[in-house]
Amino acid sequence: VKARKVINMFRTTSSDESRTALVTALLFALTTFYFRYQQKQNRKDDKLKLSKVGSRGQYAVKPSTPYLNQFHSCLGNQYHPMENPHGFIPLCLAENKLATDMLAERFMHSAAAFADPSVYCYNSFQGMPVALQAAAYFLARRFLYPDSPDLSPETALQHVLPQNVGLGAGAAALLSHLFFLLGEQGDACLIPKPYYALFDNATELVAGVVPVGIDQDNPVAGPTDQELERTYRAAVNQGNHPRFILLNNPNNPLGTIYSPKVVLRIVQWARSKGMHTIMDEIYALGVHKVSPIYSIMHTCTAAVKCTYVAS
Ligand SMILES: Cc1ncc(COP(=O)(O)O)c(C=O)c1O
């Protein structure tokens, strides 16, 4: 419409100066139009390039927790009493810095284990046999029989079989694997609230299992059967199939410990619904001496038959 108006003005105008001015205006308008068009095309191309990343990849790079960006800026400005007294202390991070010296020392002295050439090659495909045995021994001594620290390796390996131990790169990765292998897309996992924020990723990102928080009147005591039942029904009403309950003991973020009685009651409730109980005991050995935690391995072996995947 604008172009037509300009052409009409061009026809009706008489002086050469006005015509030159009109031609200049027309050229300017055309150039602007062309640049805007190019910009639009570039934006479209960018979108096309982005769409080459699968929806799962796009979902994975979104901030997984609402506080991730603040956490990143905090990492770049960490507190130091002398060098950065106005820096931040990231309280959202559960790291045991008290153990770093001990770990460094152990790693310095464990180089002998790498003298065996078999550790550099394919072996059982389930994990290095020597590492599986070491993990099984550790689980038997510290989790299954915490009251027998002197348990011999021979006895320990009769109770936790190395072939029943899975090894992986971190608890989060192992949880993702578990949900992927045991569940189906659209299954639901009930988790007592408040819970560790990245459990949402562990359930949903790879396995497509929907996390459903359990509201609790007394989070320290753990969810009651009524609260479990209410959440179960809510998940079903939303069209999901509750197949898991995920417990974290000792608990992050509360720092509380469920008693064996509570754990057993929840396991039995889950069994009555045909659901798996997955227990994350990543902080099992990070408790004060006065409050021994009894692992689910210990609790369930004593009371009900139970299959466990330990990592
Ligand atoms: C309860 C809980 N589970 C799992 C993880 C993840 O552990 P990892 O870093 O070994 O994957 C964390 C880390 O903070 C955690 O607090």
Side-chain angles (χ1 to χ4, degrees), residues 59-72 74-75 78 88-100 102-104 106-107 127-128 131-132 134-135 138-139 142-143 165-183 189-207 209-214 216 219-223 244-259 262-263 266-267 270 276-288 291 293-297 299 308-311:
Y59 175 74
V61 294
K62 278 192 190 147
S64 43
T65 61
Y67 54 79
L68 192 71
N69 290 337
Q70 284 97 319
F71 170 53
H72 280 157
C74 163
L75 278 187
Q78 286 205 54
F88 294 99
I89 301 173
L91 293 179
C92 60
L93 205 63
E95 281 182 322
N96 187 351
K97 297 223 163 121
L98 297 175
T100 49
M102 184 196 76
L103 285 176
R106 285 250 188 133
F107 286 134
M128 266 193 281
L132 292 171
F138 169 75
L139 287 167
R142 305 300 299 272
F143 289 69
V165 175
L167 297 178
L174 282 160
L175 283 171
S176 275
H177 284 305
L178 267 185
F179 286 111
F180 182 73
L181 296 171
L182 297 176
C189 177
L190 314 189
I191 316 175
K193 286 204 304 197
Y195 60 82
Y196 168 56
L198 292 187
F199 278 160
D200 285 347
N201 270 11
T203 52
E204 203 151 31
L205 191 60
V206 176
V209 169
V210 182
V212 182
I214 306 171
Q216 309 171 86
V220 174
F244 302 98
I245 174 155
L246 173 58
L247 299 177
N248 176 207
N249 196 36
N251 185 274
N252 176 12
L254 296 177
T256 51
I257 302 177
Y258 295 136
S259 71
V262 169
V263 170
I266 298 174
V267 168
H276 295 286
T277 305
I278 296 187
M279 180 67 95
D280 176 343
E281 295 186 348
I282 190 169
Y283 300 113
L285 302 181
V287 294
H288 296 287
S291 54
I293 174 197
Y294 281 102
S295 161
I296 194 166
M297 287 175 79
T299 305
Y308 37 73
V309 182
S311 62

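All ligand and atom numbering here is 1-based and tracks the order in the structure.
Atom 16 (O) of ligand 1 has Tyr283 OH, 2.6 Å as its closest protein atom, hydrogens excluded (heavy atom only). Of all protein heavy atoms, the one closest to atom 7 (O) of ligand 1 is Ile282 CD1, 3.4 Å. In this structure, the protein non-hydrogen atom closest to atom 6 (C) of ligand 1 is Tyr196 OH, 3.7 Å. Of the protein's non-hydrogen atoms, Ala172 N, 2.9 Å is the one closest to atom 11 (O) of ligand 1.
Taking any N or O of Ala171, backbone or side chain, at least one lies under 3.5 Å from an N or O belonging to ligand 1. Considering backbone and side-chain N/O of Asn248, none are found under 3.5 Å from N/O of ligand 1. Remark: ligand 1 and Leu175 share no N or O pair separated by less than 3.5 Å (distance only, no angle test).
A donor-acceptor pair under 3.5 Å is formed between the side chain of Asn249 and the backbone N or O of Tyr258.
Phe199 places none of its side-chain heavy atoms less than 4.5 Å from the side chain of Pro211. Contact check for Tyr195 versus Ile214: no side-chain heavy atoms found under the 4.5 Å cut-off. The side-chain heavy atoms of Asn251 and Pro253, taken from C-beta on, include a pair separated by under 4.5 Å.
Within a 4.0 Å radius of atom 9 (O) of ligand 1, the protein has no heavy atom.
The contact set between ligand 1 and Gly170, taken as ligand atoms under 4.0 Å from a residue heavy atom, comprises 10 (O), 11 (O).
Between Asn248 and Tyr283, the side chains place no donor N or O within less than 3.5 Å of an acceptor N or O (distance only, hydrogens not considered).
Taking the six-membered ring where the residue is Trp, His276 and Phe244 present parallel rings, their angle staying beneath 30° rather than reaching 60°.
Minimum interatomic distance between Thr277 and Val267 (heavy atoms only, all atoms of both residues): OG1-CA, 3.8 Å.
Distances from atom 4 (C) of ligand 1 to the heavy atoms of Asp280, Leu198, Leu174 show the closest one on Asp280.
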